[in-house]
Amino acid sequence: MNLKQEVICFAKKIGFDRVGFTTAGPFLKEKEILAEKKARNLLSPFEETNVELRCDPNKILPGVRTIICFAMGYLVEPYEPEETCQDNINGDLLGKISRYARVKDYHFILTKKLKAIVEFISNKQPGTFKIEVDTGGLMEKAAAQRAGLGWIGENTCLFTPELGSWVFLGEILTDIEFEPDRPIESRCNGCGRCIRACPTGALMAPFQINPNRCLSCITQMRGFIPEEFRRPLGNRVFGCDTCQEACPHNMNVKIPNHKEFKPQFPLETSLAKLAKLNKHDFDKAFKATAAGWRGRNVIRRNAVCAIGNMRDVRFKKLLEELIDDPSEIVREQAKWSLKNLTKM
Ligand code: B12
Ligand code: SF4
Ligand code: SF4
C-alpha cells in the first residue's frame, strides 16, 4: 500500500466518507467568478474577501503541492422532506433548525479528525501541512470538485454520489506530492427544482447565488431582519435546507449515521420555547452547535419572526410580553409579528 492509499484507509477508519487528492495549482476559472461577485457586492459577510488568497493555494501554504479533500456526511436519520414536516403538533408551533446546525459543530469535529490525519502522515513522511474547515481562505467546493469528491449543482452545493449534498468539507494542504484524482462527471440534470424552491430568489440563475438574499445568511445576520425576508423566512429559525431538499439527488441517499453527529435537538422545536430561550437553555442546546455562534438573541429574534408568520392568535400574549424584552432585536421583531398576527 502506498502513502496515498494508507491516508484514504486511515481517513475512512476515523469517519470520513470521501477522500480525494488534487494538485495545488490556482483556481483560475473560480478567480474570475469570485472577482466578479466581489465587484457586484455578492460576497457574504462570512467569507474571506482577498480573491488572490482564495484562489491560489500557494498563498495559503507556500510550497503546497497537494490539496487532500475530505467529505463527511451528517444525516443521522432517514431524510424527511420539508413538506412532510409538521409545523403544529399538539397546539405547539414548531420552528425549523437546518440539519447542519442541529448537530455538534462540524468545525471542531472535522478539524480534530484532520489533525489526526496530519499526525498519521507526518509519522510516515515529514512535510508541512495546513488544515482548512470552512473559515479559511480556500474555496472548498471548488477544491472538492477538482479532487473528484463530487459535482457542484445548480444550487451551488457540492453533491457526492452516495450522500448527496448532506456533507461537510475539510482539507489538508501539504507540500508532499500525491498523485491527483480526476473530477467526476456532474449528475446535476439542470431540472431547476432547487431554483424554483428557493423562497427568496437567492438562486439568481443556475450556479449563481446572491448570499445576501439567502435565508441561511439572513438567519445568521445581526440586527433587524430586513422586511422583505420576514415572510419568506416561514418557520426557519437557523439555516435553510430548502434547495437541498428539492434536489432529486438528495433523496434516497445513504444515511452515514456518524455518532459524532447525533442531533442536539429535533429538526423542529417549539417556537415559544425558542422565543423565550434563557441563557442556561441556550448554552445547553446551542453552544456546541454551529447555530450557537451568533448568540441567543439572534435565535430568539428568528423564532419570534416565525411565530408572526404562523398567524396563530393564541401566541398574541407571548408576543405582547416580548415587546418589553431587554433585547432590541427581539422587541422590534415582536412588534412586527404582533402586527402580522392580527393582520388577516
Ligand atoms: C460563504 C459561504 C456561504 C454563504 C454563500 C454560499 C455560496 N454558495 O457561496 C451562505 C451564508 C449563503 C452559505 C450558505 C450555506 N452553506 Co456555506 N459556505 C460558505 C463558504 C465560507 C464559502 C463558499 C464560497 O466559496 N463561495 C464563493 C462563490 C464564488 O462560490 P459559489 O457562489 O458557490 O459559486 C461556485 C459555483 O456555483 C460556480 N459558479 C458561480 N458562479 C457561476 C456562474 C456560472 C455561469 C457557472 C457556470 C458557474 C458558477 O463556481 C463557484 C466556485 O465553485 C464555504 C466554506 C469555504 N471556505 O469554501 C461554506 C460552505 C460552502 N457552506 C456549507 C453549507 C453546509 C451551507 C448551507 C447548506 C447551510 C444551511 N443549511 O443553511 C447553505 C447552502 C446554501 C447554498 N445554496 O449554497 C458547506 C457546503 C457543503 C456542500 N455540500 O456543499 C461549506 C463548504 C462549509 C463546509 N466546510 O462544509 N454559505
Ligand atoms: S439555502 Fe434557502 S434561501 Fe438559500 S439558496 Fe437555498 S433555498 Fe434559497
Ligand atoms: S435540483 Fe436539479 S438543477 Fe438543482 S442541483 Fe439538483 S439536479 Fe441540479
Side-chain angles (χ1 to χ4, degrees), residues 18 27 29-38 40 42-49 51 54-55 60 69-74 82 96-103 106-107 109-111 114 132-146 149-160 163-171 186-221 229 232-234 236-251 290-291:
R18 275 184 91 79
F27 292 88
K29 190 181 85 195
E30 288 79 3
K31 192 173 170 186
E32 276 175 39
I33 291 171
L34 207 51
E36 199 200 317
K37 281 192 92 167
K38 189 175 173 184
R40 292 171 63 200
L42 291 177
L43 295 187
S44 70
F46 315 132
E47 57 196 298
E48 171 62 61
T49 52
V51 174
R54 287 180 73 179
C55 299
I60 298 175
C69 298
F70 302 85
M72 187 168 177
Y74 57 88
E82 194 166 12
K96 211 171 284 160
I97 293 172
S98 74
R99 291 169 177 79
Y100 91 102
R102 293 168 55 217
V103 300
Y106 69 95
H107 299 90
I109 292 177
L110 266 72
T111 302
L114 294 177
E132 296 265 317
V133 180
D134 188 42
T135 52
L138 190 70
M139 297 178 76
E140 299 186 295
K141 293 180 290 176
Q145 184 182 37
R146 193 160 88 181
L149 255 53
W151 65 91
I152 294 178
E154 286 197 354
N155 70 348
T156 79
C157 289
L158 188 282
F159 288 77
T160 62
L163 302 156
S165 62
W166 309 113
V167 292
F168 296 127
L169 302 177
E171 305 75 30
S186 171
R187 295 190 197 167
C188 171
N189 58 18
C191 68
R193 285 187 209 187
C194 51
I195 296 173
R196 288 194 296 277
C198 176
T200 60
L203 296 171
M204 306 177 287
F207 309 106
Q208 294 186 50
I209 191 168
N210 177 351
N212 305 315
R213 297 192 67 82
C214 177
L215 293 174
S216 178
C217 192
I218 285 159
T219 54
Q220 299 181 57
M221 67 188 277
F229 300 118
L233 193 80
R236 294 173 187 82
V237 175
F238 203 88
C240 173
D241 284 344
T242 302
C243 57
Q244 296 186 88
E245 289 176 336
C247 179
H249 292 292
N250 273 337
M251 282 154 203

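Along the sequence shown, residues are numbered consecutively beginning with 1. Just so you know, ligand 1 is whichever comes first in the structure, and atom 1 is the first atom listed for that ligand. The shown structure was predicted, so the numbers you read here are calculated from the model rather than taken from an experiment.
- Within the 4.0 Å cut-off (strictly below), no protein heavy atom is located near atom 16 (N) of ligand 1.
- For atom 7 (S) of ligand 3, the closest heavy atom belonging to the protein is Asn189 OD1, 3.2 Å.
- Checked by distance only, ligand 1 and Lys37 come closer than 3.5 Å through their nitrogen or oxygen atoms.
- For the residue pair Leu203 and Asn155, the shortest heavy atom distance occurs at CD2-O, 3.7 Å.
- Backbone or side-chain N, O or S atoms of Cys198 do not reach atom 6 (Fe) of ligand 2 at under 2.8 Å.
- Of all the atoms in ligand 3, the ones that sit under 4.0 Å from a non-hydrogen atom of Cys188 are 3 (S), 5 (S), 7 (S), 8 (Fe).
- Using cut-offs of 30° and 60° on the angle between ring planes, the pair Tyr100 and Phe168 is perpendicular.
- Both the sub-6.0 Å distance and the 45° axial angle are not jointly satisfied by Arg99 relative to the ring of Tyr74.
- Residue contact check for ligand 1: Arg54 places a non-hydrogen atom closer than 4.0 Å to it.
- Between Leu158 and ligand 1, an N or O atom pair is found at a separation short of 3.5 Å.
- Not one N or O on the side chain of Arg213 forms a donor-acceptor pair closer than 3.5 Å with the backbone of Ile209.
- Checking atom 63 (C) of ligand 1 against the protein gives no heavy-atom contact under 4.0 Å.
- Of the listed residues (Trp166, Tyr100, Phe46), the one carrying the non-hydrogen atom nearest atom 69 (C) of ligand 1 is Tyr100.
- Atom 50 (O) of ligand 1 has as its closest protein heavy atom Ile33 CD1, 3.6 Å.
- Of the protein's heavy atoms, Cys243 SG, 2.4 Å lies nearest to atom 6 (Fe) of ligand 2.
- For atom 2 (Fe) of ligand 2, the nearest protein heavy atom (residue, atom name, distance) is Cys240 SG, 2.3 Å.
- In this structure, atom 66 (C) of ligand 1 has its sub-4.0 angstrom surroundings free of protein heavy atoms.
- Here Leu169 has heavy atoms under 4.0 Å from ligand 1 in both its backbone and its side chain.
- Atom 7 (C) of ligand 1 is approached by the protein to below 4.0 angstrom, counting heavy atoms only.
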### Task
Check the pair Thr200, Cys214 against side-chain contact (heavy atoms from CB on, under 4.5 Å), reporting the backbone distance first and the verdict last.
CA-CA 7 Å; Thr200 60; Cys214 177; 5.7 Å; no
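- Of the possible polar contacts, one joining the Arg236 side chain to the Leu233 backbone as a donor-acceptor pair under 3.5 Å is found.
- In the vicinity of Cys194, heavy-atom distances shorter than 4.0 Å reach the ligand 3 atoms 1 (S), 3 (S), 4 (Fe), 5 (S).
- If you look at Val167 next to ligand 1, the close heavy atoms, those under 4.0 Å, come from the backbone and the side chain alike.
- Counting protein heavy atoms only, atom 5 (C) of ligand 1 is closest to Pro211 CB, 3.8 Å.
- Of all the heavy atoms of Arg99, none lies under 4.0 Å from any atom of ligand 1, so neither backbone nor side chain is involved.
- For atom 4 (Fe) of ligand 2, the nearest protein heavy atom (residue, atom name, distance) is Cys214 SG, 2.4 Å.
- Ligand 1 has a nitrogen or oxygen under 3.5 angstrom from a nitrogen or oxygen of Asp241.
- The protein non-hydrogen atom at the shortest distance from atom 33 (O) of ligand 1 is Lys141 NZ, 2.5 Å.
- With hydrogens left out, the protein atom closest to atom 37 (O) of ligand 1 is Phe207 O, 2.8 Å, a heavy atom.
- The nearest non-hydrogen atom to atom 12 (C) of ligand 1, considering only Gly136, Ala290, Ser44, Cys214, comes from Cys214.
- Results of the side-chain contact (heavy atoms from CB on, under 4.5 Å) test with Asn250 over Cys157, Ser165, Cys194, Cys243 single out Ser165 as the only residue that passes.
- Put simply, atom 3 (C) of ligand 1 has no protein non-hydrogen atoms near it, under 4.0 Å away.
- With Gln244, Arg187, Glu154 as candidates, the residue nearest to atom 5 (S) of ligand 3 on a non-hydrogen basis is Glu154.
- Scanning Arg236, Glu245, Glu47, Met139 for the heavy atom closest to atom 26 (N) of ligand 1 points to Glu47.
- Of all protein heavy atoms, the one lying nearest to atom 45 (C) of ligand 1 is Gln208 NE2, 3.9 Å.
- Contacts of Cys157 with ligand 1, taken as heavy-atom pairs under 4.0 Å, involve both backbone and side chain.
- The shortest N/O to N/O separation between Glu140 and ligand 1 falls below 3.5 Å.
- Under a 4.0 angstrom heavy-atom cut-off, Pro199 registers as being in contact with ligand 2.
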### Task
Before giving the answer on side-chain contact (heavy atoms from CB on, under 4.5 Å), spell out for Leu158 and Trp151 the whole-Å C-alpha distance, their side-chain angles and the decisive distance to 0.1 Å.
CA-CA 6 Å; Leu158 188 282; Trp151 65 91; 5.8 Å; no
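- For atom 76 (C) of ligand 1, a protein heavy-atom neighbour is found at a distance under 4.0 Å.
- The protein does not reach atom 91 (N) of ligand 1 closely, with no heavy atom under 4.0 angstrom from it.
- Each of the atoms 7 (S) of ligand 2 lies under 4.0 Å from some heavy atom of Thr242.
- The backbone N or O of Leu43 sits nowhere less than 3.5 Å from a side-chain atom of Lys38 that would complete a donor-acceptor pair.
- When heavy-atom distances to ligand 3 are checked against a 4.0 Å cut-off, His249 comes that close only through its side chain, counted from C-beta outward.
- Here's the thing with Tyr74: none of its N/O atoms is less than 3.5 angstrom from an N/O atom of ligand 1.
- Atoms of ligand 3 lying under 4.0 Å from any heavy atom of Gly190, numbered from 1 in the order shown and given with element: 3 (S).
- Of the candidates Val133, Asp134, Thr160, the one placing a heavy atom closest to atom 18 (N) of ligand 1 is Asp134.
- Nearest non-hydrogen protein atom to atom 68 (C) of ligand 1 is Gln244 NE2, 3.3 Å.
- Here's the thing with Pro206: none of its N/O atoms is less than 3.5 angstrom from an N/O atom of ligand 1.
- Listed by atom number, the atoms of ligand 2 under 4.0 Å from Leu203 heavy atoms are 5 (S).
- Tyr106 counts as a contact of ligand 1, since one of its heavy atoms falls under 4.0 Å from the ligand.
- No donor-acceptor contact under 3.5 angstrom links the side chains of Thr242 and Glu245, judged on distance only.
- Between the choices Asn155, Ile195, Leu215, Ile209, the shortest heavy-atom distance to atom 3 (S) of ligand 2 belongs to Leu215.
- Counting protein heavy atoms under 4.0 angstrom from atom 53 (O) of ligand 1 gives one or more.
- When only interatomic distances are considered, the shortest N/O to N/O separation between Thr156 and ligand 1 falls below 3.5 Å.
- For Ile209, every heavy-atom contact with ligand 1 shorter than 4.0 Å involves the side chain, none the backbone.
- Among all protein heavy atoms, the one lying closest to atom 29 (C) of ligand 1 is Leu34 CD1, 3.4 Å.
- Nearest protein neighbour of atom 14 (C) of ligand 1, counting heavy atoms only, is Ser216 OG, 3.4 Å.
- Residue Leu138 has at least one N or O atom closer than 3.5 Å to an N or O atom of ligand 1.
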